[in-house]
Number of protein chains: 2
Amino acid sequence: MTLHDSPKHNHKHCVNTALAMAQQLCLERGVQLTPIRYQVLELIWASHKAVKAYELLEQVKPLQMAAKPPTIYRALEFLSEQGLIHRVESLNAFIGCRCSNAPHEQLLLICKNCQEVEERTAPKVMQALSEEFNDAGFIVHSKAIEIHGLCSQCAVQL
Amino acid sequence: MTLHDSPKHNHKHCVNTALAMAQQLCLERGVQLTPIRYQVLELIWASHKAVKAYELLEQVKPLQMAAKPPTIYRALEFLSEQGLIHRVESLNAFIGCRCSNAPHEQLLLICKNCQEVEERTAPKVMQALSEEFNDAGFIVHSKAIEIHGLCSQCAVQL
DNA sequence: ATAGTGAATGTTACAGTATAACAAATGAGA
DNA sequence: TCTCATTTGTTATACTGTAACATTCACTAT
Ligand SMILES: [Zn+2]
Ligand SMILES: [Zn+2]
Ligand SMILES: [Zn+2]
Ligand SMILES: [Zn+2]
C-alpha cells in the first residue's frame with residue numbers, strides 16, 4: 001500500500017480538482033487544453049507515481065490512433081509550460097502538479113519503493129537557498145530539487 | 001570570459017589537485033584508477049563545464065581506439081561511485097567533484113550562459129532540508145539539488 | 001607451472017529518450 | 001473566400017544508456 005492508496009486519500013478528488021483547475025487556468029490564459037493534452041494530463045494524474053513519456057505513449061495509443069513520440073512530447077511541453085505538470089529530471093518522468101495556479105518552487109520527495117512523488121513547498125528550504133544564491137552572486141532561473149529515499153508509508157513497512 | 005577563466009583562477013591547480021586526490025583516494029580504498037578511468041576523469045576536469053558522455057567518448061577515441069559507449073559509461077560509473085564526479089541530472093552530464101574525500105551533499109549552481117557548474121556545500125540549506133524530511137517522515141537516500149541561472153560572472157556581463 | 005579466480009575491458013546489439021523538419025488539418029478573423 | 005496562426009500528423013533521426021557475452025590480464029592456490 002502506498003501513501004496515496006491509503007483510505008484517507010481520496011484520489012478521485014485529486015484528479016477532479018487537478019483537471020478542473022487545468023481547464024479553468026487554460027480558459028483564463030486563453031490557451032487550448034485540447035483533447036490530446038487533456039488525455040495526457042489525465043493519464044499523468046492516474047496516480048502519484050512519476051510517469052515516463054513512452055508509457056504515456058502506449059496508454060494514449062488506444063485513444064489516439066496516430067500517437068507518435070512528438071504527440072506526447074508536445075503535450076508534455078505544453079502542460080509543463082502551463083505549470084500543470086513537472087518533469088522529474090532524475091527519472092526522466094513526469095508528475096502532475098497540485099499548485100498550478102501560481103508559479104512556485106518545487107521540492108520533490110521521490111520514493112524508491114513505491115515510486116510515488118510528493119511535491120512540497122518547503123519555504124524554509126527556499127529561504128536558505130535564496131541566501132546561498134546571494135552569497136554566490138547567482139541569479140536563479142529555475143530549480144530542480146529532487147530527493148530520493150523512502151516515503152513515510154514505505155519506511156514503516158520495510 | 002567565465003568564472004573560471006578569470007586571472008584569479010588557476011585551473012591547472014584545480015586539475016592537479018583533483019587528479020592527485022583521485023589517485024590517493026583510490027590507493028587508500030584499494031580500487032583501481034586505470035588508464036581509461038584516469039583519462040575520463042582528466043577530460044571531465046578539462047573545464048568546469050558539465051560534460052556529456054558522448055562528448056567524452058569522442059575525446060577518448062584518439063587515446064583509446066576501442067572506445068565504445070560502455071567504455072565511457074563504465075568509467076563514469078566507477079568515478080561516480082568513488083565520489084570523484086557528480087552526475088548533473090538535469091543536463092545528462094557530468095562534472096568533477098572537488099570534495100571527494102568525504103561523502104557530501106551537493107548543491108549545483110548551473111550557469112545557462114557559460115555552462116559552468118559550481119558545487120556548494122550549503123549547510124544551511126541542508127539543515128532546512130533535514131527538517132523538511134522529518135516533517136514528511138521521509139528517509140533520504142540521495143539528493144539532487146540543481147539550480148539553473150546565471151553565475152556571478154555572466155550576470156554582470158549580460 | 002598451471003589452473004582457477006575476479007576485475008577490467010572489448011564487442012555487438014539493442015533499449016530508451018527526445019527532437020528536427022516538413023506536411024496536413026483546423027479554426028478564427030479579415 | 002482567403003489568410004494566418006495553432007495544432008496535429010508523419011517520417012526520420014539524434015541522443016542517452018544498458019544487456020549480454022567474449023576476452024584479457026594479473027594474482028593466487030594448488
Ligand atoms: Zn491523489
Ligand atoms: Zn513509498
Ligand atoms: Zn578550475
Ligand atoms: Zn556563467
Side-chain angles (χ1 to χ4, degrees), chain A residues 22-23 26-27 29-44 49-82 84-95 115 144 146, chain B residues 22-23 25-44 49-82 84-95 115 144 146:
Chain A
Q23 288 180 311
C26 289
L27 198 62
R29 295 172 186 170
V31 295
Q32 302 178 47
L33 188 59
T34 61
I36 292 181
R37 292 167 177 175
Y38 186 88
Q39 281 165 22
V40 169
L41 184 59
E42 210 172 7
L43 286 170
I44 289 175
K49 302 186 202 305
V51 194
K52 306 210 145 218
Y54 277 66
E55 289 173 13
L56 290 168
L57 180 55
E58 289 314 304
Q59 295 177 278
V60 162
K61 271 181 182 165
L63 309 168
Q64 286 283 336
M65 281 267 298
K68 302 249 159 34
T71 314
I72 301 300
Y73 282 103
R74 284 168 181 159
L76 291 172
E77 185 185 16
F78 171 86
L79 295 170
S80 207
E81 280 170 354
Q82 297 302 321
L84 301 171
I85 62 172
H86 294 305
R87 180 180 161 79
V88 187
E89 299 289 353
S90 51
L91 296 178
N92 295 337
F94 301 84
I95 54 163
Q115 282 83 53
E146 304 184 358
Chain B
Q23 288 180 310
L25 286 173
C26 289
L27 198 63
E28 287 172 8
R29 294 172 186 171
V31 296
Q32 301 177 48
L33 188 60
T34 61
I36 293 180
R37 292 167 177 174
Y38 186 88
Q39 281 166 22
V40 169
L41 183 60
E42 210 172 8
L43 287 170
I44 289 175
K49 302 186 202 305
V51 194
K52 306 210 146 219
Y54 278 64
E55 288 173 13
L56 290 169
L57 179 55
E58 289 314 304
Q59 295 177 278
V60 162
K61 271 181 183 166
L63 309 167
Q64 288 282 336
M65 282 266 300
K68 302 249 161 34
T71 314
I72 301 300
Y73 281 102
R74 283 167 181 160
L76 291 171
E77 185 184 16
F78 171 86
L79 296 170
S80 207
E81 281 170 354
Q82 297 302 321
L84 300 171
I85 63 172
H86 296 304
R87 180 181 162 77
V88 186
E89 300 290 352
S90 51
L91 295 178
N92 295 338
F94 302 84
I95 54 163
Q115 282 83 52
E146 305 184 357

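None of these values were measured; they are calculated from a predicted model.
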Next on the checklist: For B:S80, give me all partners under side-chain contact (heavy atoms from CB on, under 4.5 Å), at least two apart in sequence or on another chain.
Outcome noted: B:I85

Checklist outcome for this item: Minimal heavy-atom distance between B:E55 and B:V51, with the atoms involved, is OE1-CG1, 3.4 Å

Checklist entry - Considering only heavy atoms, which members of residues 31-44 of chain B lie under 4.0 Å from some atom of DNA chain C? => result B:Q32, B:T34, B:I36, B:R37

Checklist entry - Below 4.5 Å, heavy atoms only, C-beta onward: do B:L76 and B:L56 meet side chain to side chain? => result yes

Checklist entry - Looking at CG of A:L33 and CD of A:Q39, how far apart are the two atoms once the value is rounded to the nearest 0.5 Å? => result 10.5 Å

Checklist entry - Does anything in residues 53-61 of chain B reach DNA chain D, meaning a heavy atom under 4.0 Å, and if so which residues? => result B:Y54

Checklist entry - What is the distance from atom CD of A:E58 to atom CD1 of A:I72, rounded to the nearest 0.5 Å? => result 9.5 Å

Item to check | Rounded distance [0.5 Å steps], CD in B:Q115 versus CD1 in B:I95 | outcome: 13.5 Å

Checklist entry - With a non-hydrogen cut-off below 4.0 angstrom, is B:Q64 in contact with a base, only sugar-phosphate, or nothing? => result sugar-phosphate

Checklist entry - Taking only residues two or more places apart in sequence, or in another chain, which ones meet B:E77 in a side-chain contact (heavy atoms from CB on, under 4.5 Å)? => result B:E81

Checklist outcome for this item: The side-chain contact (heavy atoms from CB on, under 4.5 Å) partners of A:R87 (sequence neighbours excluded) come to A:E89, A:N92, A:F94

Checklist entry - Looking at CD1 of A:I44 and NE2 of A:H86, how far apart are the two atoms once the value is rounded to the nearest 0.5 Å? => result 11.5 Å

Item to check | Residues in side-chain contact (heavy atoms from CB on, under 4.5 Å) contact with A:A67, at least two apart in sequence or another chain | outcome: A:L57, A:V60, A:K61, A:Q64, A:T71

Checklist outcome for this item: Span of DNA chain D engaged by chain A, first through last nucleotide within the 4.0 Å heavy-atom cut-off, is D:dT6 to D:dT11

Next on the checklist: Ignoring hydrogens, what is the shortest heavy-atom contact between A:A50 and A:L91? Give both atom names and the distance.
Outcome noted: CB-CD1, 4.0 Å

Next on the checklist: Quick one, B:Q82 and B:L25 - any side-chain contact, counting heavy atoms below 4.5 Å?
Outcome noted: no

Item to check | CG-OH distance between B:L43 and B:Y38, expressed to the nearest 0.5 angstrom | outcome: 11.0 Å

Checklist outcome for this item: At a 4.0 Å cut-off to heavy atoms of chain B, the contacted part of DNA chain C spans C:dA7 to C:dT12

Next on the checklist: Under the rule for side chain to side chain donor-acceptor pair (under 3.5 Å), what residues qualify as partners of A:S90, not counting sequence neighbours?
Outcome noted: A:E146, A:H148

Item to check | Sub-4.0 Å heavy-atom contacts from residues 65-76 of chain B onto DNA chain D, ordered by number | outcome: B:P69, B:P70, B:Y73, B:R74

Next on the checklist: To the nearest 0.5 Å, what is the distance between CG on B:L41 and CD on B:Q23?
Outcome noted: 9.0 Å

